[in-house]
Novice: 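My questions will all concern the structure given below.
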Amino acid sequence: MLRDIQPYPTAEQIAASNELISLDTETAGSTRQTNIPVYFSWAARDLGSGAGPVITPDGFNAARRLCESPRPKVCHNLKFDLQRFDYLGFKVGGELHDTTLMHALLDEHHLEHHRLKALSRELLGRQRQDEFVLDKWRSKHLFPDIPQEVSHPYAVRDAEDALDLYYLFEPQLKEIGCWDLYRNEVAAAVAYKEIEQCGIAVDLDALTVALKKIGDALEQLQQQIFEALGRSFLISSPQQLGDALADFFPLTEYTASGQLKTDKSTLEPFRDDPRMQLVLAWKFLFKAASTLRGYYTRAADGRVHPEYRQTTVTGRSAAKDPPIQQIPKQRGRITEVEVGSSEMAALCREAFRSVRAVFIPMPGAFLLAIDYSQVEFRVFVHYTGSKRLVELMRGGADFHKLFSEMIFGAYSERYRHITKMLSYGIIYGMSKKRARKQLAGEEHPDDIIARYESTLPEMRVTQKRIQSVGEMRGYVKDVFGRRYRYLERAGSYILVAWLCQGTAANIKKHALVRVREILRNRRSQIIADIHDELVFNFYPEDISLLPQIKAAMERFPEIDVPITVDISGGRNLLEMKKVTLEQALSGLWKEWVR
DNA sequence: TCTTCAAGCGCG
DNA sequence: AAAGCGCGCTTGAAGA
């Protein structure tokens, strides 16, 4: 049994200064179900360091004293520890800090993903071999069953390391001008914590029905495929599928490991063949079924609770369990063109729709989504510094259309598509070869590319400028001060993509923090961050806040071009309808309330 | 049996 | 020299 093995800081000692306190929690296990706090540790310059169980009265009270004191706090993964303290019913006081976020801004490419022990070894020169000892115990035991003489010093060292990392990073972040950005990321971490706890309601009945229907269809399809290809095999195995299809189709593309490619783009050219139609439909439905299963198994309380992190290379957010940022939208859509029989096409369409329609508002609320319009592209235009392009954008019109008119002298959907593709190609570093391939249907692809380059020279010039600044200085910096380091192995073209994605991510994260503040103490809540879109569970009583929310999301004076959002709402995530602010305010939301 | 990798797919 | 970028999840296969 875990016991108190040293004195804890007293209330007087804690109140005696306002120095930073490092806090850490150890949980019973490491799955979502076992992430229950059982041990805690602290460190501060004036208090020294220590640890103890949160399940003894003395330990529990000491942990609460430390947490709730108004002194500033640092954790190595703030969001996680805040959740643990929430579980214990503690209100964490003081300014909050997170050494993971700090390090992610200082060294975004770190291979160890900013793990505490790695940083302790590399930056503090400590040999944390206790990590491996504890991991060994952890693989077979819950934390309370690990000998305390092993676990206690480990917990203490975690708190000490986090404290020392903070003092190491603080001047470095200020030095490179990233302190404000870092403070915003901490605030965003708190917002993400609330988003995770709130979760997104799912329609379990609809989910069950859809799963059954798709499952039955898959079984039927499988039989038809076996008959059509004259053998039975595991269709989900790329290897076996490749073998089976090779008897009937001239498959010529191979993967790196010498296996026949069976991905969608390889198979699609053969989609006029009924046999291939069966396979394409099967693949589509198989994917839809496993996506739905993923939602189902995670919706124990009728909601899914995706987990967010912001320690990616560009500072973008990432969500998992389930991957809420990857709900099928349109790319994977299967139409009657792609699958043979009309019944099969209808079934695929329905399966696709059911995946999105599963997400619903809470009773009495409706779903609201506010998404940035072309934000990465706008950001790039800002970086061009071109008065001409900025003015065009300020006009507010469809600028891909304007650009295509400038290039082609006329407008068509096709021209707009080409222009847009080439514009994004510059941001993402598309090669000339790839551009030509994309323009395969055109008579003079090279002419089109040349016309684009001569009509909008600012685009290429800016791309090259960003690249050369990156190569010379070793990094490029966005309008918020975030640095994107040049890596030789990655190449300089990638800096342009990182810069635009990262700037867009920062815009979104500022919006997230502002909007959370506006909705403080309201029932309405942000329930998802889908990169350029915030999704809300919105209650009618808060509808008057909408103009304020919209304005907060669009207010970015540091960017020369307008940053604008679109509003949509609905009774589920499939049936989201785009509306104007006025329409939303005028009571249109009544149709959406669950 | 467990872990790691590649293939494939989805989103922005 | 060549390259569209970022991210996570599921599945099957291979290695340990």
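Chain letters run A, B, ... following the sequence lines, proteins first and then strands; every chain starts at 1. In this text the structure is predicted, and so the values were computed from the model without any measurement.
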Novice: Quick one: list whatever passes ring pair (Phe, Tyr, Trp, His ring centres under 6.0 Å) with A/His417, sequence neighbours left out.
Specialist: none

Novice: Could you check which nucleotide pairs with B/dG12 in any of the strands shown, counting Watson-Crick or G-U wobble with both distances under 3.5 Å?
Specialist: C/dC5

Novice: Any side-chain N or O of A/Lys283 under 4.0 Å from OP1/OP2 of B/dC9?
Specialist: yes

Novice: Ignoring backbone atoms, test whether A/Thr312 places a side-chain nitrogen or oxygen under 4.0 Å from the OP1 or OP2 oxygen of C/dC7.
Specialist: no

Novice: So if I apply the side-chain contact (heavy atoms from CB on, under 4.5 Å) rule between A/Gln310 and each of A/Lys79, A/Arg316, A/Glu185, which one comes out positive?
Specialist: A/Glu185

Novice: Using whole Å, report how far CD of A/Gln326 lies from C1' of B/dC11.
Specialist: 5 Å

Novice: Return the orientation label for the A/His400 and A/Phe377 ring planes: parallel under 30°, perpendicular over 60°, tilted otherwise.
Specialist: tilted

Novice: Counting only side-chain nitrogens and oxygens, does A/Lys264 get under 4.0 Å of the OP1 or OP2 atom of B/dG8?
Specialist: no

Novice: Closest approach to the side chain of A/Ser236, judged atom by atom: which nucleotide of C/dT11, C/dA14, C/dC7 is it?
Specialist: C/dT11

Novice: Taking only the side-chain heavy atoms of A/Ile494 (C-beta and beyond), determine which of C/dA13, C/dC9, C/dG6 contains the nearest atom.
Specialist: C/dG6

Novice: Provide, to the nearest angstrom, the distance between the CH2 atom belonging to A/Trp498 and the P atom belonging to C/dG4.
Specialist: 16 Å

Novice: Can you tell me if the side-chain N/O atoms of A/Tyr493 get under 4.0 Å from OP1 or OP2 in C/dC5?
Specialist: yes

Novice: Contact class for A/Ala504 vs. all strands (heavy atom < 4.0 Å): base, sugar-phosphate, or nothing?
Specialist: nothing

Novice: A/Arg309 near the nucleic acid: base, sugar-phosphate alone, or nothing, with a heavy-atom cut-off under 4.0 Å?
Specialist: sugar-phosphate

Novice: Think A/Arg485 forms a cation-pi with A/Tyr475, using NZ or CZ under 6.0 Å from the six-ring centre and within 45 degrees of its axis?
Specialist: no

Novice: Could you check how far CG of A/Leu280 sits from P of B/dG8, rounded to whole Å?
Specialist: 13 Å

Novice: Quick check: do A/Ile426 and A/Met430 have side-chain heavy atoms less than 4.5 Å from each other?
Specialist: no

Novice: What is the distance, rounded to the nearest whole Å, between atom CD1 of A/Ile235 and atom P of C/dT11?
Specialist: 14 Å

Novice: Please round to the nearest 0.5 Å and tell me the distance separating atom CH2 of A/Trp137 and atom CD1 of A/Ile146.
Specialist: 7.5 Å

Novice: Rounded off to whole Å, could you give me the CG-to-P distance for the A/Leu260 and B/dA6 pair?
Specialist: 19 Å

Novice: How is A/Gln240 classified with respect to the nucleic acid when contacts are heavy atoms under 4.0 Å: base, sugar-phosphate, or nothing?
Specialist: sugar-phosphate

Novice: Looking at the side chain of A/His531, which of C/dT11, C/dG6, C/dG12 is the nearest nucleotide?
Specialist: C/dG6

Novice: Between A/Phe233 (CZ) and C/dT11 (C1'), how many Å, whole number?
Specialist: 15 Å

Novice: For A/Lys320, report the nucleic acid contact type (base, sugar-phosphate, nothing); a contact means any heavy atom under 4.0 Å.
Specialist: sugar-phosphate

Novice: Hey, which sits more toward the 5' end of DNA chain C by its nearest nucleotide, A/Asp321 or A/Ile427?
Specialist: A/Ile427

Novice: Applying a 4.0 Å non-hydrogen cut-off, can you work out what A/Gly491 is touching in the nucleic acid: base, sugar-phosphate, or nothing?
Specialist: nothing

Novice: Return yes if a side-chain donor-acceptor contact under 3.5 Å exists between A/Ser386 and A/Glu458, otherwise no.
Specialist: yes

Novice: Send over the distance from A/Gln239 CD to C/dA14 C1', rounded to a whole Å.
Specialist: 10 Å

Novice: For A/Phe286, report the nucleic acid contact type (base, sugar-phosphate, nothing); a contact means any heavy atom under 4.0 Å.
Specialist: sugar-phosphate

Novice: Would you kindly give the CZ-to-P distance between A/Arg293 and C/dC9, to the nearest whole Å?
Specialist: 16 Å

Novice: Quick one: label A/Val313 by what it contacts on the DNA or RNA (base, sugar-phosphate, nothing), any heavy atom closer than 4.0 Å.
Specialist: sugar-phosphate

Novice: Please state whether the base of C/dC5 and the side chain of A/Gln501 form at least one donor-acceptor pair under 3.5 Å?
Specialist: yes

Novice: Taking the side chain of A/Tyr428 as heavy atoms from C-beta outward, which of C/dA13, C/dC9, C/dG4 is closest to it?
Specialist: C/dG4

Novice: Counting just side-chain N and O atoms, does A/Arg436 come under 4.0 Å of either OP1 or OP2 of C/dG4?
Specialist: no

Novice: Look at all strands and tell whether A/Thr262 reaches a base, only sugar-phosphate, or nothing, counting heavy atoms closer than 4.0 Å.
Specialist: sugar-phosphate

Novice: Which base, if any, makes a Watson-Crick or G-U wobble pair with C/dG15, both distances under 3.5 Å?
Specialist: B/dC2

Novice: Compare the minimum distances between each of C/dA13, C/dG4, C/dC5 and the side chain of A/Arg434, then state the nucleotide with the smallest one.
Specialist: C/dG4

